[in-house]
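Below you'll find the structure, written out as structure tokens, and then a few comments.
Below, read A as the first sequence line, B as the second, and so on, with proteins coming before strands; counting in each chain starts at 1.
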Number of protein chains: 2
Amino acid sequence: MPVDNRERILETALDLFYARGYDAAGVQEIAEKSGVTKPTLYYYFKSKYGLLEQLLKSRGEPFLEQLHAACAYRGDLRGTLCAAAGAVSDFAKREPRFALLLVALFYSARDNEAYQAVRPLVLRLQGDVEEIFNEASADLGNMNGRQRQFSLGFIGLVILYLVMKHETEGEKGIEISGEEIEALVHQFMHGIYS
Amino acid sequence: MPVDNRERILETALDLFYARGYDAAGVQEIAEKSGVTKPTLYYYFKSKYGLLEQLLKSRGEPFLEQLHAACAYRGDLRGTLCAAAGAVSDFAKREPRFALLLVALFYSARDNEAYQAVRPLVLRLQGDVEEIFNEASADLGNMNGRQRQFSLGFIGLVILYLVMKHETEGEKGIEISGEEIEALVHQFMHGIYS
DNA sequence: TTCATTCTATACCGAACGGTATAACCTGTC
DNA sequence: GACAGGTTATACCGTTCGGTATAGAATGAA
């Protein structure tokens, strides 16, 4: 009774989904490692899929809100992109395992249940970033409808940085420094305008 | 009897692993869609894991050899990186589904069986690319031991291009043009030297 | 003809899967 | 003292999973 069981289950699910993948992680095991029985798990989450959905919602919602705010265009593409990348970096620092789980799901098989669950989240993320380029195009002249391509590329680049940081530095607290963010954005924009 | 059953099984496995993921794809279904019974599948591949291994070997080996050749340093970092990226592009054009399967596995959960299977392939790939930077450092001065980081970044960037191409153009024949490859390499090196 | 290879059909195995039913227990609130 | 929310233990459900046992049939080479 000390801690919130529901929260513990979510935390354990995050650990296992991250380490083994959604399909390979068993409900039984999640319950056991949470110090809880299976009926308790099903008392809070009506299915394994529901568990993943709730996990994505509870951890993803704050991230999406923060990112959405950071994506507000302030008449400066470079600055806005830095803010967006900074929001991702902040989040990845606070919740490294969840961030990496998102990456894995982002690249996972399209017909897999787990991908269906992240899809709405991914779409909102893409939409927010794309909006930056849409608004920038009003200021900077048309982008020939390549906003989508730009946003995909930018997201991919930020993800790449995350994974690299994780690969070289270990799991605890992925952080991208301010200088690195500016360099990344510079590199990205240089690519765009050349 | 007309076609090679073993090859058909590999092809079907590629399709299903790609579409649904390794864990979610069932052996039974692979056998059925190959027009073959389960014992036949097990006659060629002693386990599901063995099937994945053989798939990675049969499709991956030619790719790795081609890439290895392309990674031979010719006193010109820029040119060598273009050659390496070109080898990836060629391969992705010929075998788009396999290339995308590799990407998904590359980013998948570390403790998953499937990741264990790609690991040797990934290590060889990384090693070949890293070798480019090692040899270049002899010519261009030391890189402060950042060869690994550079190779990870370069690989990630090429992968990002693949996924973007796939996302925007559909699945049949991912191709990266010569100009795009040069731009990509330029962008990457600009990032390095700034 | 013999023989190995390739493959079939069918049927089964034990284990694990996701999920549920039942019935009782604790704890705090009203 | 009644009641609701949270939780337990236990046992079970049907299904699917990866994998196998058995016994035989087609094929082509020696």
Practice item. Output the single nucleotide from C:dG19, D:dA21, D:dG19 whose closest atom is nearest the side chain of A:Tyr42. Key: C:dG19
Review point. Can you tell me how far P of D:dC17 sits from CD of B:Glu113, to the nearest Å?
Key: 15 Å
**Study point:** Residues in salt bridge (Lys or Arg N to Asp or Glu O under 4.0 Å) contact with B:Glu29, at least two apart in sequence or another chain
**Key:** B:Arg20, B:Lys33
Check your understanding: Do any of residues 23-38 of chain A sit with a heavy atom less than 4.0 Å from DNA chain C, and if so which?
Key -> A:Ala25, A:Gly26, A:Val27, A:Lys38
Review point. What is the distance, rounded to the nearest whole Å, between atom CG of B:Leu41 and atom C1' of D:dC17?
Key: 14 Å
Review point. Starting at NZ of B:Lys48 and ending at P of C:dC17, how long is that distance when rounded to a whole Å?
Key: 13 Å
Review point. Among all residues two or more places apart in sequence or in another chain, which pass the salt bridge (Lys or Arg N to Asp or Glu O under 4.0 Å) test with B:Glu113?
Key: none
Practice item. Grab the CZ-C1' distance between B:Phe17 and D:dG18 for me, whole Å please. Key: 12 Å
Exercise for review: Provide the full list of side-chain hydrogen bond (donor to acceptor under 3.5 Å, both in side chains) pairs with a residue in residues 62-76 of chain B, sequence neighbours left out, each pair given once.
Suggested key: B:Gln66-B:Arg94, B:His68-B:Asp128, B:Tyr73-B:Asp139
Exercise for review: Determine, for B:Lys48 against B:Glu53, whether the closest basic-nitrogen to carboxylate-oxygen distance falls under 4.0 angstrom.
Suggested key: no
Exercise for review: Go through the structure and list residues passing side chain to side chain donor-acceptor pair (under 3.5 Å) with A:Ser34, not counting sequence neighbours.
Suggested key: A:Thr12
Point to revise | Atom-to-atom span, OH of A:Tyr22 to C1' of C:dC17 - whole angstrom | key: 12 Å
Could you list the donor-acceptor pairs under 3.5 angstrom formed between side-chain atoms of residues 115-123 of chain B and any protein atom two or more places apart in sequence or on another chain?
unit_1: B:Gln116; atom_1: NE2; unit_2: B:Arg110; atom_2: O; d: 2.8

Check your understanding: Roughly, in whole Å, what's the span from CZ in A:Phe45 to P in C:dG19?
Key -> 13 Å
Exercise for review: From the options C:dT5, C:dG19, D:dG19, select the nucleotide whose nearest atom is closest to the side chain of B:Tyr43.
Suggested key: C:dT5
Study note, to complete from the structure: A:Leu51 CG to C:dC17 P, in whole Å, measures 15 Å
